[in-house]
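Have a look at the structure below, then the notes.
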Amino acid sequence: MARLAQTAGLTDIQQEILSTVRDFVDKEIIPVATELEHRDEYPQQIVDGLKELGLFGLMIPEEYGGLGESLLTYALCVEEIARGWMSVSGIINTHFIVAYMLKQHGTQEQKDHFLPRMALGEVRGAFSMSEPALGSDVSAISSKAVNDGDEYVLNGQKMWLTNGGSANLVAVLVRSDEGHPEGTAPHKSMTTFLVEKEPGFGEVRPGLTIPGKIDKMGYKGVDTTELIMDGLRVPANRVLGGTTGRGFYQMMDGVEVGRVNVAARGCGVAQRAFELGVSYAQQRHTFGKPIAQHQAIQFKLAEMATKVEAAHAMMVNAARKKDSGERNDLEAGMAKYLASEYCKEVVEDAFRIHGGYGFSKEYEIERLYREAPMLLIGEGTAEIQKMIIGRRLLEEYRLQG
């Protein structure tokens with residue numbers, strides 16, 4: 001049979017793009033990923049290679065210098081990249097969420113200003129929604145923007161910015177009460193601001209500080225940071241879409257893309273874990289034969305492969321639904337939930353197949369074992385996905401009369 005996680009119905013162009021990305025992953029990412037990850041080193045050479053391939057402009061329309069590809073193409077590329085090293089997929093994910101939000105909701109001036117440079121990778125995006133005290137409760141955001149003539153003054157603290165240090169454009173969600181009287185629903189008084197900054201740490205522009213990298217269990221290499229706004233002045237023309245009060249809807253639209261991305265990452269990491277497990281099982285001998293010939297190990301491999309296939313199918317379905325222009329929060333939630341849970345299980349089974357060697361940093365599975373848990377919480381925990389799924393199911397199956 002062909003390798004797992006194949007996708008039917010792809011165009012010749014899509015297949016060519018995926019073949020190019022897969023080749024890049026095999027030659028440029030997998031051989032160096034574990035060493036860079038253990039050093040927590042930003043993969044600049046890999047990022048430069050992705051820029052040369054044009055991947056930072058993959059979903060940006062051709063009129064702005066991008067490739068104009070679909071979310072499905074992007075998700076399949078993310079799957080391949082995460083198979084090599086999940087952190088690299090994180091570097092492009094937030095960039096694409098911001099580019100997508102600009103494409104869907106930005107003013108013409110904002111599109112003209114940012115998208116051509118984003119397509120080249122000269123401007124790289126991060127997005128900022130979470131805060132230290134709220135987690136998944138977006139309605140409790142306390143960071144605030146106050147109008148002051150042709151500018152807004154932003155104050156507050158944000159948390160968990162992927163690419164917070166390396167990005168030079170951040171989409172920041174804050175509360176903006178202007179034009180929204182007291183008692184307005186919280187989600188109707190939020191605004192997304194496009195904040196330009198210098199890459200790096202410390203005070204990256206007046207009123208804006210990126211304190212430094214958060215030290216993480218896994219998902220290393222890519223920088224994850226806080227963001228502190230203290231009297232940060234942002235021009236009024238950097239309100240995404242030009243109108244306040246629409247930020248929550250803009251961010252949720254972007255998060256749907258992000259959930260498909262996280263599902264794709266889960267598929268990629270699970271695929272790599274299966275590859276490592278099935279390979280090691282044929283090399284390791286116990287009781288006079290390869291462990292792959294023991295029924296217990298064959299059962300594990302069967303379960304792992306089935307989970308890889310199922311997660312991939314749901315991820316592809318969610319991406320295609322979004323590409324069609326239809327609402328896909330149900331499909332994206334299901335795909336993100338299933339792919340992240342299955343990824344954790346497949347990685348653990350591969351870890352078990354490796355036995356004691358799985359605990360050694362010399363083996364790649366050790367890195368995957370630390371990376372998989374991030375997918376359980378990124379873009380909303382399993383519990384949040386279940387809430388979204390449950391509410392949507394009740395909408396679809398509501399009793400009449």
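Numbering starts at 1 and runs along the sequence shown. Keep in mind that the numbers below use all heavy atoms, side chains included, and drop hydrogens, waters and symmetry copies.
- Contact of the P211 side chain with the I228 side chain is registered, since non-hydrogen atoms from C-beta on lie closer than 4.5 Å.
- The residues E396 and R392 are annotated as salt-bridged, a charged nitrogen and a carboxylate oxygen being separated by less than 4.0 angstrom.
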For residues 47-66, which side-chain N or O atoms pair as donor and acceptor with protein atoms under 3.5 Å away, sequence neighbours left out?
{"unit_1": "D48", "atom_1": "OD1", "unit_2": "Q44", "atom_2": "NE2", "d": "2.9"}
{"unit_1": "Y64", "atom_1": "OH", "unit_2": "Q108", "atom_2": "NE2", "d": "2.9"}

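- Side chain of K158 to backbone of P132: no donor-acceptor contact under 3.5 angstrom is found.
- Using modelled atom types and a 3.5 Å distance limit, the side chains of T225 and D223 yield no donor-acceptor pair.
- Contact between A5 and E79 at its shortest, heavy atoms only, is CB-OE2, 3.9 Å.
- Within a 6.0 Å sphere centred on CG of L393, other residues, nucleotides and ligands contribute more than 12 heavy atoms.
- What you find for I297 and A292 is that their closest heavy atoms are CG2-CA, 4.1 Å.
- The side-chain heavy atoms of H95 and L169, taken from C-beta on, include no pair separated by under 4.5 Å.
- By the 4.0 Å N-to-carboxylate-O rule, E198 lies too far from R205 to be salt-bridged with it.
- For the residue pair E362 and S360, no side-chain donor N or O sits within less than 3.5 Å of a side-chain acceptor on the partner.
- Atom CD of E309 sits about 9.5 Å away from atom CZ of F274, to the nearest 0.5 Å.
- A salt bridge links R272 with E364: at least one charged nitrogen is closer than 4.0 Å to a carboxylate oxygen.
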Legend entry - V21/F24 under side chain to side chain contact (heavy atoms under 4.5 Å, CB included): CA gap, chis, key distance, verdict: CA-CA 5 Å; V21 172; F24 181 84; 5.5 Å; no

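- For the pair D215 and K213, the salt-bridge criterion is not met [side-chain N within less than 4.0 Å of a carboxylate O].
- Across I46 and L36, no two heavy atoms sit closer than the pair CD1-CD1, 4.2 Å.
- Side-chain contact of K216 with T224: a donor-acceptor pair under 3.5 Å is present, judged by distance alone.
- With values rounded to the nearest 0.5 angstrom, C77 atom SG is found 6.0 Å from I17 atom CD1.
- One side chain, D253 or H105, offers a donor N or O that lies under 3.5 Å from an acceptor on the other.
- Counting heavy atoms from C-beta on, the side chains of R265 and N93 come closer than 4.5 Å.
- Here K27 pairs with D23 in a salt bridge; the nearest charged N to carboxylate O distance falls below 4.0 Å.
- Side-chain contact between D26 and R83 is present, with heavy atoms from C-beta onward closer than 4.5 Å.
- Of the possible polar contacts, one joining the T20 side chain to the E16 backbone as a donor-acceptor pair under 3.5 Å is found.
- Taking the six-membered ring for Trp and thresholds of 30 and 60 degrees, F96 and Y74 have ring planes inclined between 30 and 60 degrees apart.
- When atom types are taken as modelled, the side chain of Q385 and the backbone of E379 share a donor-acceptor pair closer than 3.5 angstrom.
- In this structure the side chain of W160 reaches within 4.5 angstrom of the side chain of I214, judged on heavy atoms.
- The structure places NZ of K322 at 13.5 Å from OG of S70, a figure rounded to the nearest 0.5 Å.
- Look at K336 and E341 and you find no salt bridge, because none of the NZ, NE, NH1 or NH2 atoms lies under 4.0 Å from a carboxylate O.
- Heavy-atom minimum distance, G84 versus I29: C-CG2, 3.7 Å.
- Residues V172 and V234 form no side-chain contact, since every pair of their non-hydrogen atoms from C-beta on lies 4.5 Å or further apart.
- Within the structure, the side-chain hydrogen bond (donor to acceptor under 3.5 Å, both in side chains) test picks out the following pairs touching residues 226-236 (sequence neighbours left out): D148-R233, E151-R233, Q157-E226.
- Of the N and O atoms on the side chains of T244 and T191, not one donor lies less than 3.5 Å from an acceptor on the other residue.
- For the 3.5 Å distance criterion, the side chains of H312 and T7 qualify, holding a donor opposite an acceptor.
- Within the model, atoms OH of Y342 and CG of L375 stand 15.5 Å from one another, a figure rounded to the nearest 0.5 Å.
- For CD of Q298, the number of neighbouring non-hydrogen atoms (other residues, nucleotides, ligands) closer than 6.0 Å is greater than 12.
- One side chain, Q283 or S279, offers a donor N or O that lies under 3.5 Å from an acceptor on the other.
- Judged purely by atom type and a 3.5 angstrom limit, K111 has no side-chain atom pairing as donor or acceptor with the backbone of P116.
- Within a 6.0 Å radius of CD in Q295, no more than 12 heavy atoms belonging to other residues, nucleotides or ligands are found.
- Of the N and O atoms on the side chains of E131 and S143, at least one donor lies less than 3.5 Å from an acceptor on the other residue.
- Between the side chain of E196 and the main chain of N168, no donor-acceptor pair closer than 3.5 Å is present.
- Taking the side chain as every heavy atom from C-beta outward, N163 and R124 never approach each other to under 4.5 Å.
- In this structure, T94 contributes its side chain and G125 its backbone to a donor-acceptor pair below 3.5 Å.
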Inset, instruction - Check the pair N328, V260 against side chain to side chain contact (heavy atoms under 4.5 Å, CB included), reporting the backbone distance first and the verdict last. - result: CA-CA 10 Å; N328 89 323; V260 173; 4.0 Å; yes

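- When every heavy atom of P206 is checked against every heavy atom of L232, the shortest pair comes out as O-CD1, 3.5 Å.
- Remark: F114 CZ to E109 CD distance equals 7.5 Å, nearest 0.5 Å.
- Comment: K300 does not engage E303 in a salt bridge, judged by the lack of any side-chain N to carboxylate O separation of less than 4.0 angstrom.
- With hydrogens and angles ignored, the 3.5 Å screen pairs a side-chain donor or acceptor of D323 with a backbone N or O of L71.
- For R259 and E256, the salt-bridge test fails: no basic side-chain N is under 4.0 Å from an acidic carboxylate O.
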Legend entry - Test side chain to side chain contact (heavy atoms under 4.5 Å, CB included) applied to R327 and K321, step by step: CA-CA 7 Å; R327 181 177 178 180; K321 191 73 177 286; over 6 Å; no

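- Look at R3 and E80 and you find a salt bridge, because one of the NZ, NE, NH1 or NH2 atoms lies within 4.0 Å of a carboxylate O, short of that distance.
- At least one donor-acceptor pair under 3.5 Å links the side chain of Q282 to the backbone N or O of V278.
- More than 12 non-hydrogen atoms from other residues, nucleotides or ligands lie less than 6.0 angstrom from CD of Q104.
- For the residue pair T73 / Q14, a side-chain donor-acceptor distance below 3.5 Å is found, with atom types taken as modelled.
- Looking only at side-chain heavy atoms (C-beta outward), L154 and K144 stay at 4.5 Å or farther from each other.
- When each of K361, E366, R367, K220 is paired with H38, the side-chain hydrogen bond (donor to acceptor under 3.5 Å, both in side chains) condition holds for E366 and for no other.
- Judged as a salt bridge (charged side-chain N to carboxylate O under 4.0 Å, His left out), and not counting sequence neighbours, R284 has no contacts.
- Salt bridge present: E348 and R352 bring a charged side-chain N and a carboxylate O closer than 4.0 Å.
- Here the straight-line distance linking atom CD of Q271 with atom CG of L276 works out to 10.0 Å at 0.5 Å rounding.
- Heavy-atom minimum distance, Y219 versus G90: OH-CA, 3.1 Å.
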